[in-house]
Protein chains: 2
Amino acid sequence: MSTTQMLKGIIDGCLLAIIYEKEVYGYELAEKLEQYGFDSFSEGTIYPLLIRMQKEESVSSTLKKSTAGPKRKYYTLTPKGEEELQQFIARWEKLQSNVNLCLRKQ
Amino acid sequence: MSTTQMLKGIIDGCLLAIIYEKEVYGYELAEKLEQYGFDSFSEGTIYPLLIRMQKEESVSSTLKKSTAGPKRKYYTLTPKGEEELQQFIARWEKLQSNVNLCLRKQ
DNA sequence: TTCGGTATCTTGTAATGCAAGATATGTTGA
DNA sequence: TCAACATATCTTGCATTACAAGATACCGAA
């Protein structure tokens, strides 16, 4: 993952972090991101990302019955996903530092 | 500018911040970004951005002779650009806080 | 006069976030 | 019973983006 991916891929990292914390399903992820202050990540953003991440073997999923509604697809991190989370954190911290260097000057 | 633009448009904000600090030309901007820790923003990224920002009247430019080489196009912020810089700073701070909320949990 | 460094710009590509909407399941109440 | 609603996932198509690669041009010095 290059710097490009970093700039564009901030949500990926957030998803990894939330999944790491606790097994969650897609719909729940959208709600959590909103709780954390993001302005509305539609499912049109999240589901394709989860599918991609599963194809890349960063997450795995299992279907479970819901109390109300169709089956939920719960996601957990694979070892590869955990590694990617660590790499994301490192890149995110570098990005923060770089951008803040640009801004501090004024 | 939406959240999408925010995620993708971090470099825009950095350019605005650097130009605000001091009149600069494109080639110089690429060097500064590298100084600040960014991993190599090629001119293929920066020049199209500057052209777009000028079209949107966030920056204005004047040509000046160089000590060595072709004329340099020096950029300064317009009032609109200054306003956008302030908006970028606000969005950047919100983004930092949101992402760090996701990460802090683990 | 040619070579290397400086400087800007263009073209084409892959990836991204998302709006919009399709699809499916379960609960509830009229 | 069955219509309405909330839950839940997935797909399609679009505009934007960062960037690699390379074209163009100018200048000074060897």
Side-chain angles (χ1 to χ4, degrees), chain A residues 1-16 19 23-34 38-56 58-59 61-75 88 91 95 98-99, chain B residues 1-16 19 23-34 38-56 58-59 61-75 88 91 95 98-99:
Chain A
M1 224 196 219
S2 67
T3 303
T4 315
Q5 303 304 319
M6 169 78 224
L7 293 179
K8 297 190 194 171
I10 290 176
I11 305 174
D12 309 43
C14 291
L15 293 187
L16 289 175
I19 297 171
E23 197 183 42
V24 286
Y25 55 99
Y27 201 76
E28 198 181 1
L29 276 167
E31 293 174 329
K32 290 224 175 199
L33 285 173
E34 206 159 355
F38 289 100
D39 269 343
S40 80
F41 275 112
S42 73
E43 295 89 40
T45 299
I46 288 169
Y47 287 112
L49 264 179
L50 288 171
I51 290 167
R52 198 193 77 203
M53 283 161 58
Q54 182 160 28
K55 199 180 293 172
E56 291 168 356
S58 304
V59 298
S61 66
T62 49
L63 287 174
K64 294 190 186 178
K65 264 198 282 188
S66 165
T67 53
K71 284 185 179 174
R72 296 167 174 165
K73 196 180 263 183
Y74 280 86
Y75 289 91
F88 167 75
R91 283 199 313 279
L95 178 68
N98 296 350
V99 173
Chain B
M1 226 198 217
S2 67
T3 304
T4 313
Q5 303 304 319
M6 168 79 224
L7 293 178
K8 296 190 195 171
I10 290 177
I11 305 173
D12 309 41
C14 291
L15 293 187
L16 289 175
I19 297 172
E23 196 183 43
V24 286
Y25 56 98
Y27 200 77
E28 199 180 0
L29 277 167
E31 292 175 329
K32 290 224 176 199
L33 284 173
E34 206 158 357
F38 288 100
D39 268 343
S40 78
F41 275 111
S42 72
E43 295 91 41
T45 299
I46 288 169
Y47 288 112
L49 265 179
L50 289 171
I51 290 166
R52 200 194 76 206
M53 282 160 58
Q54 182 160 28
K55 199 181 294 171
E56 291 168 356
S58 304
V59 299
S61 66
T62 48
L63 287 173
K64 294 190 186 178
K65 264 198 283 187
S66 165
T67 52
K71 284 185 179 173
R72 296 167 175 166
K73 198 181 262 184
Y74 280 86
Y75 289 92
F88 167 74
R91 282 198 315 278
L95 179 68
N98 295 350
V99 174

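Because only heavy atoms are used, hydrogens play no part in the values below, and waters and symmetry mates are left out as well, while side chains stay in. Here is the naming used below: chain letters follow the sequence lines, and residue numbers restart at 1 for every chain.
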Task: Over all atoms of both residues, closest heavy-atom pair of A/K32 and A/V24 - done: CE-CG1, 4.5 Å
Open item on the list: On DNA chain C, compare the nucleotides closest to B/P48 and B/T67; which residue's is nearer the 5' end?
Closed with: B/T67
Task: Side chain proximity check, A/I19 to A/L50, heavy atoms < 4.5 angstrom - done: yes
- [ ] Starting at atom CD1 of B/I11, determine the distance to atom C1' of C/dT16, rounded to an integer number of angstrom.
- [x] 14 Å
Open item on the list: Counting the atoms with a prime plus P, OP1 and OP2 as sugar-phosphate, which does B/L50 contact under 4.0 Å by heavy atoms, base, sugar-phosphate, or nothing?
Closed with: nothing
TODO: Specify the separation, in whole Å, of atom OH of A/Y25 and atom P of C/dT25.
DONE: 18 Å
TODO: Please figure out whether A/G44 or A/K65 has its closest DNA chain C nucleotide nearer the 5' end.
DONE: A/G44
TODO: Counting heavy atoms from C-beta on, name the nucleotide in D/dT7, D/dC10, C/dC9 closest to the side chain of A/P70.
DONE: D/dT7
Task: B/K64, B/R72, B/K73 screened by salt bridge (Lys or Arg N to Asp or Glu O under 4.0 Å) with B/E23, the one that passes - done: B/K64
Task: Nearest-Å distance for atom pair CD/C1', residues A/E31 and D/dT7 - done: 9 Å
- [ ] Rounded to the nearest angstrom, tell me the gap between atom CZ in B/F38 and atom C1' in D/dC19.
- [x] 15 Å
Open item on the list: Which is more 5' along DNA chain D, the nucleotide nearest A/T45 or the one nearest A/R72? Just name the residue.
Closed with: A/R72
Open item on the list: Using OP1 and OP2 only, check whether a side-chain N or O of A/S66 sits under 4.0 Å from D/dA8.
Closed with: yes
Task: A/Y27 OH - D/dA6 C1' separation (whole Å) - done: 7 Å
Task: Interatomic distance where NZ belongs to B/K73 and C1' belongs to C/dT6 [whole Å] - done: 16 Å
TODO: Specify the closest pair of heavy atoms between B/I11 and B/L33, including all atoms of both residues, with the distance to one decimal.
DONE: CG2-CD1, 4.4 Å
Open item on the list: How many whole angstroms separate atom OH of A/Y47 from atom C1' of C/dG21?
Closed with: 15 Å
Task: Rounded interatomic separation in angstrom, taking CD from B/E43 and C1' from D/dA23 - done: 13 Å
Task: Side-chain heavy atoms of B/C14 within contact of B/F38, under 4.5 Å - done: yes
